[in-house]
*Asks:* 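My questions will all concern the structure given below.
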Amino acid sequence: MEKQQDLSAPPASFDAAALIASLPQRPGVYRMFDREAALLYVGKAGNLKRRVSSYFQQRQLSPRIAHMMSKVHAVEFSITASETEALLLENNLIKQLKPRYNILFRDDKTYPYLRVTDDRFARIAYYRGSTQAKGHFFGPFPSAWAVKESLQILQKVFHLRTCDDSVFANRTRPCLEHQIGRCSAPCVGLIDELEYRADVQRALRFLRGDSKQVLEELEVLMLEHSARMAFEKAAVYRNRMAALAKVLQQQSMESEGDHDVDVIAFAYQGGRACLVLASVRGGRHLGDRSFQLTLPGQSETDPWGEEAQAELLERFVLGYYESAPLPAVILASFSPSDSLKVWCDLQAGLSVQWLRSPQGIRRQWLQQAQTNADINLKQHLLQRSSAQERTEALIAMLATQSTSSSEDFRIECFDISHSAGEATQASCVVYKQHAMQPKLFRRYNIENITAGDDYAAMAQVLERRYASNPQSLPDLVLVDGGKGQVSVAAKLFASQGFPLNRIVGVAKGDGRKVGLETLLFADGRQALELAPDSAVLMLVAQIRDEAHRVAVSGMRAKRDKARQQSRLDEIEGIGPRRKQRLLTRFGGLRGVMAASIDELAQVEGVSKRLAESLYQQLRT
């Protein structure tokens, strides 16, 4: 790819006329900067001269674009060999540089899959991660729930194992899954390898969409065993048929042919959009996912132009399918650009069929997804409106000197949790843009304090949070506690020169009931008791309760981990080697605790007497 200019820094000065005159009529990528050299926008074009010059020559720009252009002070461009290559470069630059006015598709989660291993006795399992590992992968599923539902179906119909390899290799008797009719117990030889492998192949065919053929095959097997007077075995296949027939009857979406299909619908209002993606794989509807998206610089009163819609949808497709496999067919309420379609074909390794006006059952799928998008967007806007009102009411009540808008007003809340002084943890939760921000939550291990000293714990977490990085100070700091915690926070803020009016303590009422809290101020203002139906109190209680939840869950995990690690260490006669052998044999402490005395005695180095002692002590 040929570069026209250096992409690392903007030009020192800007002349729009000179820029337009220098633009080539070739595909490429352009970047716009403000006066402070901050990157505003990255765009692509099939014809750089025509596209970039349109920003300066059009009189009727959308409010969003007009707002951006008022800040532009420099423009750079880079020539590419094709428009598709420009699309790729644009996507990489947006992800790397995160321009203010570009849409960023933030979705860091890996999508869940169902995995069938290629072991001698294959295992079915929930899976996240690279699909380059050995085995067969089906998905991605829109949610963990959809994977687990499919696992239950496969267990009921095909009786495949789900246990870890370490558990499978060390079983001496069938587990509960076999007793409730969900596993054929290959671990203890209750099914031979050939028969189990046949069940695995049927499960794979079912996942690939051959449901009716599998049902017919099960019927043949049932009749064969019945003819041989093997009625118990025939009953097993009869029950499998019944379970599979029930599954097929419950499926409201039926695939046409062997194609995998994704359905994409889109709704927008008030500067925000909701996109719903439904997946059909192997003839089964795997559920749908909704994505709430924002168009940067779009006011709630600005109309949505075609250009804005196209940009948002393009960013979604690029972001989502960069990590998820493309299906053969996409039903969408929009048409892709030529460059986006070429990218999809290259990504999928086949020609992806895009249908905007499908017929028959596919038309129903698209209408259903569109209805879900409309409903989800309305619910989101209603919730956001209520949350915005609460945020603005809190700002008005506090009368803070913050220059942040209600959208950017940042609140951080701290809580301390411990179990009688053990496993002390502090939580910090963040509220911004009228919502909790889980990705910004933090937990802090509190050490070197007197056990149970909540004041010292609060002082430590606040110092670690703000003393070394004063720029991170939010607009409001909530501390879960009374006068002692507020005094600790005020002392730290005074020593650092931070404004005391940003500290508010939330003194608990009886049983943490909303309506019984008192707000305490570090700057000397009189304590405030709000009405139980106060919007401010509801917001404060919501943030405080989230901080409490995060602190308690962290404390319990830390405490349980420390206790579990020490359970075997506390038992006389169990040294490091025996401990490792026990954990390896039974797949962890839970497996050791579930083992019988005879099973414990089978471990190398564990006598019958020691096994009896171990069995009794683990149950006290």
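All values derive from a computational prediction rather than experimental measurement.
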*Asks:* So which atom in His159 and which in Gly181 form the shortest heavy-atom distance, rounded to 0.1 Å?
*Replies:* NE2-O, 3.2 Å
*Asks:* Side chains of Gln179 and Leu176: does their closest heavy-atom pair fall under 4.5 Å?
*Replies:* yes
*Asks:* With side chain to side chain contact (heavy atoms under 4.5 Å, CB included) as the criterion, how do Leu600 and Leu582 come out once you've worked through the C-alpha distance, each side chain's angles and the decisive distance to 0.1 Å?
*Replies:* CA-CA 8 Å; Leu600 292 171; Leu582 285 164; 4.0 Å; yes
*Asks:* Between Asp374 and Gln370, is any side-chain donor less than 3.5 angstrom from a side-chain acceptor?
*Replies:* yes
*Asks:* Supply the atom-to-atom distance Gln353 CD to Ser351 OG, rounded to the nearest 0.5 angstrom.
*Replies:* 8.0 Å
*Asks:* Give a yes or no on whether a salt bridge exists between Glu314 and Lys44, defined as a side-chain N under 4.0 angstrom from a carboxylate O.
*Replies:* yes
*Asks:* Has the side chain of Gln437 got a donor or acceptor atom that lies under 3.5 Å from a matching backbone atom of Lys432?
*Replies:* yes
*Asks:* If you look at every heavy atom in Trp354 and Cys344, which pair is closest and at what distance?
*Replies:* CZ2-SG, 3.7 Å
*Asks:* Can you tell if the side chain of Leu366 reaches within under 4.5 Å of the side chain of Arg356, non-hydrogen atoms only?
*Replies:* no
*Asks:* Under a 4.5 Å cut-off applied to non-hydrogen side-chain atoms, are Val276 and Arg289 in contact?
*Replies:* no
*Asks:* Return the CD to CG distance between Gln347 and Leu88, rounded to the nearest 0.5 Å.
*Replies:* 8.5 Å
*Asks:* For Arg315 and Asn102, does a side-chain donor sit closer than 3.5 Å to a side-chain acceptor?
*Replies:* no
*Asks:* Is there a donor-acceptor contact under 3.5 Å from the side chain of Arg556 to the main chain of Ala551?
*Replies:* no
*Asks:* Ignoring hydrogens, what is the shortest heavy-atom contact between Pro99 and Ile94? Give both atom names and the distance.
*Replies:* CD-O, 3.7 Å
*Asks:* Tell me, do Pro358 and Leu331 make a side-chain contact under 4.5 Å, heavy atoms counted?
*Replies:* yes
*Asks:* When you check the side-chain N and O atoms of Ser553 and Arg443, is any donor under 3.5 Å from an acceptor?
*Replies:* yes
*Asks:* Just by modelled atom types, is the Val352 backbone N or O under 3.5 Å from a matching donor or acceptor in the Asp345 side chain?
*Replies:* yes
*Asks:* With under 30° as parallel and over 60° as perpendicular, where do the rings of Phe168 and Phe121 fit, or are they tilted in between?
*Replies:* tilted
*Asks:* For the backbone of Met555 and the side chain of Ser417, can you confirm whether one donor and one acceptor N or O come within less than 3.5 Å of each other?
*Replies:* no
*Asks:* Please report the C-alpha distance between Arg202 and Asp199 in whole Å, then the side-chain angles of each, then the deciding distance to 0.1 Å, and finally whether the salt bridge (Lys or Arg N to Asp or Glu O under 4.0 Å) criterion is met.
*Replies:* CA-CA 5 Å; Arg202 293 187 194 103; Asp199 286 338; 2.7 Å; yes
*Asks:* Run the side chain to side chain contact (heavy atoms under 4.5 Å, CB included) test on Glu195 and Asp192 for me, step by step, so that the C-alpha distance in whole Å, both residues' side-chain angles and the decisive distance to 0.1 Å come before the verdict.
*Replies:* CA-CA 6 Å; Glu195 188 176 356; Asp192 62 47; 3.2 Å; yes
*Asks:* Side chains of Gln602 and Thr172: does their closest heavy-atom pair fall under 4.5 Å?
*Replies:* yes
*Asks:* Any idea which heavy atoms bring Gly605 and Arg578 closest together, and the distance?
*Replies:* O-NE, 2.8 Å
*Asks:* Nearest 0.5 Å, what's the CD1-NZ distance between Ile180 and Lys156?
*Replies:* 9.5 Å
*Asks:* Is there a donor in the side chain of Thr84 and an acceptor in the side chain of Ser82, or the other way round, less than 3.5 Å apart?
*Replies:* no
*Asks:* Look up atom CZ in Phe291 and atom CG in Leu277, then write down how far apart they are to the nearest 0.5 Å.
*Replies:* 6.0 Å
*Asks:* Tell me if the centroids of the rings in Phe334 and Phe266 come within less than 6.0 Å of each other.
*Replies:* no
*Asks:* Ring centroid separation for Tyr127 and Tyr113, is it under 6.0 angstrom?
*Replies:* no
*Asks:* Within a strict 4.5 Å, meaning less than it, do heavy atoms of the Leu39 and Arg100 side chains meet?
*Replies:* no
*Asks:* Going by atom types only, do Asp119 and Thr117 share a side-chain donor-acceptor pair under 3.5 Å?
*Replies:* yes
*Asks:* Checking Glu177 against Thr162: is there a side-chain donor and acceptor pair closer than 3.5 Å?
*Replies:* no
*Asks:* Counting distance only, does the side-chain N/O of Tyr196 pair as donor-acceptor with the main-chain N or O of Ala122 below 3.5 Å?
*Replies:* yes
*Asks:* Please walk me through it: do Arg182 and His178 pass side chain to side chain contact (heavy atoms under 4.5 Å, CB included)?
*Replies:* CA-CA 5 Å; Arg182 291 192 175 187; His178 173 74; over 6 Å; no
*Asks:* Are any side-chain N or O atoms of Asn91 and backbone N or O atoms of Leu87, one a donor and one an acceptor, separated by less than 3.5 Å?
*Replies:* no
*Asks:* Search all heavy atoms of Leu377 against all heavy atoms of Cys274 and return the closest pair with its distance.
*Replies:* CB-CB, 3.7 Å
*Asks:* Are the side chain of His136 and the backbone of Val116 linked by a donor-acceptor contact shorter than 3.5 Å?
*Replies:* no
*Asks:* Taking the side chain as every heavy atom from C-beta outward, state whether Leu97 and Arg31 have any atom pair closer than 4.5 Å.
*Replies:* yes
*Asks:* How long is the gap from NZ on Lys579 to CD1 on Ile574, to the nearest 0.5 Å?
*Replies:* 10.5 Å
*Asks:* With distance as the sole test, does Glu599 use its side chain to make a donor-acceptor pair with the main-chain N or O of Ser596 at under 3.5 Å?
*Replies:* yes
*Asks:* Quick one: do Val280 and Asp260 satisfy side chain to side chain contact (heavy atoms under 4.5 Å, CB included)? Show the steps, please.
*Replies:* CA-CA 6 Å; Val280 180; Asp260 289 341; over 6 Å; no
*Asks:* On a heavy-atom basis, which atom in Ala86 and which in Val29 lie closest, and how many Å separate them?
*Replies:* O-CG2, 3.3 Å
*Asks:* Kindly indicate whether the side chain of Met222, heavy atoms from C-beta on, has any atom under 4.5 Å from the side chain of Ser226.
*Replies:* no
*Asks:* Quick one: CZ on Phe316 to CD on Glu311, what's the gap to the nearest 0.5 Å?
*Replies:* 15.5 Å
